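The next block holds one structure in the form of structure tokens; read it before the comments.
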Amino acid sequence: MLGALLECTTPEGTTVGRIVETEAYMGEDDPACHAAAGRTARTAPLYGEPGSAYVYFIYGRYWCFNAVTRAAGLPSAVLVRAVEPVTGIDLMRARRPLARSTADLTSGPGKLCMAMGIEVRHNRLPLDRRPLLIRAGERIADRDVLVTPRIGITKAADWPLRWIVKGNPFVSGRR
DNA sequence: TCGAAGATTGTCT
DNA sequence: GACAATCTTCGAG
């Protein structure tokens with residue numbers, strides 16, 4: 001998914017970002033995956049169609065966007081942790097008045113959802129059509145991809161399941 | 001009904 | 001670097 005384009009259309013307009021950071025959550029046997037708790041009202045979207053959205057609310061404040069992957073019934077997903085703004089940057093700025101730079105607009109899972117207007121109404125939507133779309137973008141060469149442990153979790157914190165575009169300034173966290 | 005934890009961000013020191 | 005904000009989810013009682 002690195003290099004692919006994430007596009008979200010709302011009544012305010014369309015925003016597009018290039019995906020530069022992802023994390024994998026590998027089903028019920030992954031202690032950090034929400035599906036480790038089994039199938040509940042919250043995790044049900046993870047068990048849905050591959051290629052649909054899983055959007056959840058965290059820390060009473062923020063939305064996080066995932067693409068459901070693998071086969072139906074296997075609750076795995078890819079969390080999009082950062083995108084590089086491509087289209088609709090003015091709209092992103094309006095939605096994130098606290099952002100102090102362009103890189104601050106979408107360099108985190110909560111930030112990019114704020115900037116792009118992704119929220120619960122997008123939960124479970126298919127990702128191959130509007131309003132929420134992932135489409136092909138630039139191909140990232142393997143030598144430009146870095147794999148690291150996942151961020152911000154306590155369980156299985158050492159599993160190398162985070163992928164970033166090497167040196168990209170829009171990746172989350174501190175350099 | 002209650003309590004605790006959480007795939008984060010922003011502010012303050 | 002520490003910690004507050006804020007609320008949904010789920011298990012226990």
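Everything numeric in this text was worked out from a predicted model, so none of it was measured. Letters A, B, ... mirror the listed sequences (proteins, then strands); counts begin at 1.
Here the straight-line distance linking atom CD1 of A:I58 with atom CH2 of A:W63 works out to 11.0 Å at 0.5 Å rounding.
Note on A:F57: only backbone sugar-phosphate atoms sit closer than 4.0 angstrom, heavy atoms only; bases stay farther off. Among the protein residues, A:L98 comes within range of the sugar-phosphate backbone only, with heavy atoms under 4.0 Å from sugar or phosphate atoms but none that close to a base. Across all strands, A:R61 comes closer than 4.0 Å to base atoms (heavy-atom distances). Contacts of A:R150 with the nucleic acid, taken as non-hydrogen atoms under 4.0 Å apart, are absent. Residue contacts for A:R162: at a heavy-atom cut-off of 4.0 Å it reaches no nucleic acid atom on any strand shown.
Paired runs in DNA chain C that reach 3 or more consecutive Watson-Crick or G-U pairs, where each pair keeps both distances under 3.5 Å, cover B:1-6 with C:7-12, B:8-12 with C:1-5.
Once the 5.5 Å centre distance and the 30° plane angle are applied, the aromatic ring of A:Y59 is found stacked with the base of B:dT8.
Comparing C:dA4 with B:dA4, their P atoms are spaced 16 Å from each other, to the whole Å.
Listed by chain and number, the residues in a ring-ring contact (aromatic ring centres under 6.0 Å, His included) with A:W163 amount to none (sequence neighbours excluded). Applying the side chain to side chain donor-acceptor pair (under 3.5 Å) criterion to A:R61, with sequence neighbours excluded, gives no partner residue.
Among the nucleotides B:dT9, B:dG10, B:dA7, the one closest to any side-chain atom of A:P109 is B:dT9.
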